[in-house]
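Take a look at the structure set out below.
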Protein chains: 2
Amino acid sequence: MIEPVSRSFAIMEALSRRPRGTVAVLAGETHLPRPTVVRLLKTLVELGYATRISREAGYRLTDKVLGLAQGIRFVDRLIDAAAPHMSRFTRRYGWPLYLGTISDRAMTIRHSTATESPMSFERTALQRRSPLLSSALGRAWLAFCPAEERRGVLRHLGVKPDAKLAAAFARIRSDGYAFTVLPRSGRLQGIGVAIRDGERVMGCLSMRFIRSAMTEDEAGRRYGAPLNALAAAIAADADR
Amino acid sequence: MIEPVSRSFAIMEALSRRPRGTVAVLAGETHLPRPTVVRLLKTLVELGYATRISREAGYRLTDKVLGLAQGIRFVDRLIDAAAPHMSRFTRRYGWPLYLGTISDRAMTIRHSTATESPMSFERTALQRRSPLLSSALGRAWLAFCPAEERRGVLRHLGVKPDAKLAAAFARIRSDGYAFTVLPRSGRLQGIGVAIRDGERVMGCLSMRFIRSAMTEDEAGRRYGAPLNALAAAIAADADR
DNA sequence: TCGACAAAGTTCGTATTACGGAATAGCCTT
DNA sequence: AAGGCTATTCCGTAATACGAACTTTGTCGA
């Protein structure tokens, strides 16, 4: 961990939380001595990521930080590509779909057709995070991502990769879809597939349905193929 | 300029330009030795801004960088685009400039070159609010904004839109600039123009001068065109 | 207009810490 | 199984970031 780098990001994070910040405020929040804050700010200004407003008003971030996020906007491209396909699916089959991407040890819901579904049983779940190990989204992602990444993530989660887990992922890969691991009382079930571009998993789709409507086997037989076709169509659109 | 900070941003910028990057590619593009790149990447990963995908695919930025951009609003982009133009203007003509945007029944001063002006007669006026009806900033905004928006704002201010007012706005539109409506005793005068993008008014500029230095007519003749050129240049820069 | 206060910014001697060449480990290809 | 390539770790060294003390600058009250 390179200290100056860590400190510079502490300053940027503190600045990102307010329209502008004075040296005193930033020093207080980051627990850094004032000269250090001044020096770091000078560097950030020189690099173009911050601007000095005035002595009293302090500093603020510039829109150059938007440039750093440029690549991240890929997520948006994925959503743009996926949305019409997902809507068509939901219109045709009725069940709501969720699109999630990996984000720091969990899947984050980026888009959903829950509002368009007649069987909409949940409020809008945007930005909600789903567990990697038990949700259909997370299990689909883990099963299809590169083995090395999977190992890293499991280690990060503090999970020992055992034979049982490996078998579960192998099963998901051969089936082409994953299911939510439900407690006995769970009423809602999910079936998840991966949106793949070669080795890379761009995101995952999950269709949610009521447990009493069909068994896992039925869900797989009926919707496995359509869901994978959907994922393939989205993948094709997403990287133009 | 703190070297490690500068280098870490070089890495992030290189990463932001591609979906993922290997150590070799990043080292090549940043002209840094590979061990340094590895060390910086480790730090970025530890901080959560980057993730290791796999040995061959390398690293990618995470969506945590979006968090840094959360505070950047459109206003900042406008200021970033405007600031250098405004400074050049003040250096050339001497008079201080103010940049304001509409904000709940008043214009809020977002940026000013008052401190850079030899004729600086006011303290820092940042965040100060100027009345819509009497300030040059406000009158420029009202005159050039869409008619429907103007009607709404006037109603909101409790002002009956009469013929006199309509004529004043028509005059501003044909002149291309507005003036402060001063009490007899006022010493400072302002001339304002709109920064436009099609129908939309992104913000307004106002140049302030001492009343005894010139009449309104003279100010309009001398500075009307340069101010509008300035506004056009800013508008062009602001939406790339 | 002045003076006291507060906060920003600078200096500089020191010790930390980042640096990078060389060695090693890890992965893929043949 | 071995070779070749690249990522990663090591470690002695020197550069450089650090921060206590000091100076400057702007604000606010009288």
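Naming convention: chains lettered A, B, ... in sequence-line order (proteins, then strands); numbering from 1 in each chain.
- Judged as a side chain to side chain contact (heavy atoms under 4.5 Å, CB included), and not counting sequence neighbours, the contacts of A10(A) are T30(A).
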Under 4.0 Å protein heavy-atom contact, by nucleotide of nucleotides 5-20 of chain D - B base, S sugar-phosphate only: -BSSB-------SBBB

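- Between I2(A) and S8(B), every side-chain heavy-atom pair lies at or beyond the 4.5 Å cut-off.
- Comparing the start and finish of the helix from dT1(C)-dA30(D) to dT30(C)-dA1(D), five pairs each, the helix axis swings through 60°, to the nearest 10 degrees.
- The distance between atom CG of L44(B) and atom P of dA18(C), rounded to the nearest whole Å, is 13 Å.
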Pairs of donor and acceptor atoms involving the side chains of residues 212-224 of chain B, under 3.5 Å and at least two apart or interchain, shall be tabulated with distances.
unit_1	atom_1	unit_2	atom_2	d
T215(B)	OG1	E218(B)	N	3.1
E216(B)	OE2	Q189(B)	NE2	3.0
E218(B)	OE1	T215(B)	N	3.2
Y223(B)	OH	W95(B)	NE1	3.2

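- Under a 4.0 Å N-O distance rule, the pair R77(B)/D237(B) does not qualify as a salt bridge.
- Scanning for salt bridge (charged side-chain N to carboxylate O under 4.0 Å, His left out) contacts around R34(A) gives an empty result, with sequence neighbours left out.
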One pair to check against salt bridge (Lys or Arg N to Asp or Glu O under 4.0 Å): R20(A) and D76(B). What are the steps and the verdict? CA-CA 11 Å; R20(A) 63 194 161 277; D76(B) 297 312; over 6 Å; no

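- Judged as a salt bridge (charged side-chain N to carboxylate O under 4.0 Å, His left out), and not counting sequence neighbours, E46(A) has no contacts.
- If you take CD1 of I11(B) and P of dC19(C), they are 10 Å apart, rounded to a whole angstrom.
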Please determine whether side-chain contact (heavy atoms from CB on, under 4.5 Å) holds for the pair L40(A) and L26(A), giving the CA-CA distance in whole Å, both sets of side-chain angles, and the decisive distance to 0.1 Å. CA-CA 11 Å; L40(A) 286 166; L26(A) 297 173; over 6 Å; no

